[in-house]
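Encoded as structure tokens, the structure appears first; notes follow it.
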Amino acid sequence: MNQEIRERTKWFMDARFGMFIHWGLYSIPACGEWVMSEREMTAEEYRPFFEQFDPVDYNPQKWVRLAKEAGMKYAVLTAKHHDGFCLFDSVLTDYKSTKTKAGRDLVREFVEACRAENLRVGLYFSIIDWHHPDFPKYGDRQHPMRNNEAHKDERIDFDRYLEYMHGQVKELVTNYGKLDLLWFDFSYDDMRGEKWRAADLIQMVRAYQPDVIIDNRLEGAGDSHGSIATVNPLVYSGDFASPEQLIPPEGVCDEAGELIPWELCTTMNNHWGYCNFDHQYKSSQMLVRKLVECVSKGGNMILNVGPDARGNIPEESVRILKEIGGWMEKNKESIYGCGISELPKPEWGRYTQRGDIIYAHVYETPLGALPLYGIKPDRLADVVYLADGSNVNRGEAWNTALYPDVAFVSLGDNPVFTYPLPDERDTVLKICLKQGFTEKYERQRH
Ligand code: GLC
């Protein structure tokens, strides 16, 4: 991993937690952002959503404040998704929010809201476009017209598409001030890398936005991280890996075994775009623990919301985000700037670490005293509950003598009794050690 990427991604890796926002015309049919492809709809069949689009409640400040309340440090909005509809005022198309009843550049308002609230701002941009006439259709893996014989012998000019796509990216990187992150989506089959003229694209982006952080999907996608994981990545390999809906068992490392920046993207229910019948929401407890898991493996989590057709984030998502925020408010110190602990994963939960401070994330009520695996009793300086700063007492086991190398703490005053966890979701113990043991940790981090 080169130094330039390390420096560029520093804020990102410290931030750890972001909000993904999938929003567009597909919030009207309300069954996710792939509806056009799933139902194999023609552009004309999809058009009524464009005519209908009227997000009367759109107020990005509300979204951004909610993200902040949840403890998120950045937000990424779909400026354009695969359906080709733009939430920004592109001069290259009329298929954009300014031409709908909304009549406004919704990306601009979003970007401004993020800045006003001091949140880092990112834009998602689909390099796939099911609306553009020069995008491959018949026989493509997922184009809505993949089975439509009418497009079988159609002549397209893919270069024209690339010009359009590059032109739109240029608009995004030149018309909206400094962007912190660009999330391109996605490559598949032979549609990857230079097929997108990716080197040119990145050079152009970097000319205007030298510090912007870019994902790895101009080349990689669900089926591979791309060459970001090689020792000599390409100019378009990206700054971070983007595993989707699955936390990599051991984080993401390059060929040399060195940890590289990565971000799990995940949904709150089972859809990215608004879906009015999907109520399979993950609990705030689960999401807190998944965030901790990402951090404990050196990665980030970007958690999605799919606002509805009026522009409101679903109530369930709001509730869950506020619950996460309640936990973050007290425990964020164990997340921001934290990463892999040099201690092995304890069976009752997880460890995160920053410098020589260890955070024990305890999920399971211990039977008797809690063993702080990996920490010798004489190395323990003090242990407090992160949520309120109060002391955690030393514990003992009936047979402590059998475990001379493990420090024990008690969640109550009796050193051997069993006590409930103060926070069932994740009780965080802040552990300060006598001598620092930062060496391995620093090596992993940078
Ligand atoms: C996917 C999907 C897409 C979603 C994205 C988020 O590749 O195509 O709908 O936006 O992942 O990671």
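Order of appearance sets the numbers: ligands from 1, and atoms from 1 within every ligand. Note that these values count all heavy atoms, side chains included, but never hydrogens, waters or copies made by symmetry. Here the structure is a predicted model, which is why all the values come from computation and not from measurement.
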May I ask you to check whether [Y] and [X] place their ring centres under 6.0 Å from each other?
X	Y	result
Y58	W23	yes
F49	F85	no
H22	Y124	yes
F184	W196	no

Considering only heavy atoms of [X], which atoms of ligand 1 have at least one such atom less than 4.0 Å away?
X	result
F186	7 (O), 8 (O)
D185	1 (C), 2 (C), 3 (C), 4 (C), 5 (C), 7 (O), 8 (O), 10 (O), 11 (O)
W34	2 (C), 3 (C), 8 (O), 9 (O)
Y124	10 (O)
W183	12 (O)

Counting heavy atoms under 4.0 Å, the part of Y188 that contacts ligand 1 is neither
Closest by any non-hydrogen atom to atom 9 (O) of ligand 1: pick that one out of E263, E33, Q245. E33
Polar atom proximity, H81 to ligand 1 (N or O, under 3.5 Å): yes
Evaluate E244 for polar contact with ligand 1, using N/O atom pairs at a separation under 3.5 Å. yes
Any side-chain donor-acceptor pair under 3.5 Å between Y188 and D140? yes
Cation-pi check, K195 to F158: give yes when NZ or CZ is under 6.0 Å from the six-membered ring centre and within 45° of the ring axis, no otherwise. yes
Of all the non-hydrogen atoms in the protein, which one sits nearest to atom 8 (O) of ligand 1, and at what distance? H82 NE2, 2.8 Å
When distances are taken from atom 4 (C) of ligand 1, the protein heavy atom at minimum range is H22 NE2, 3.4 Å
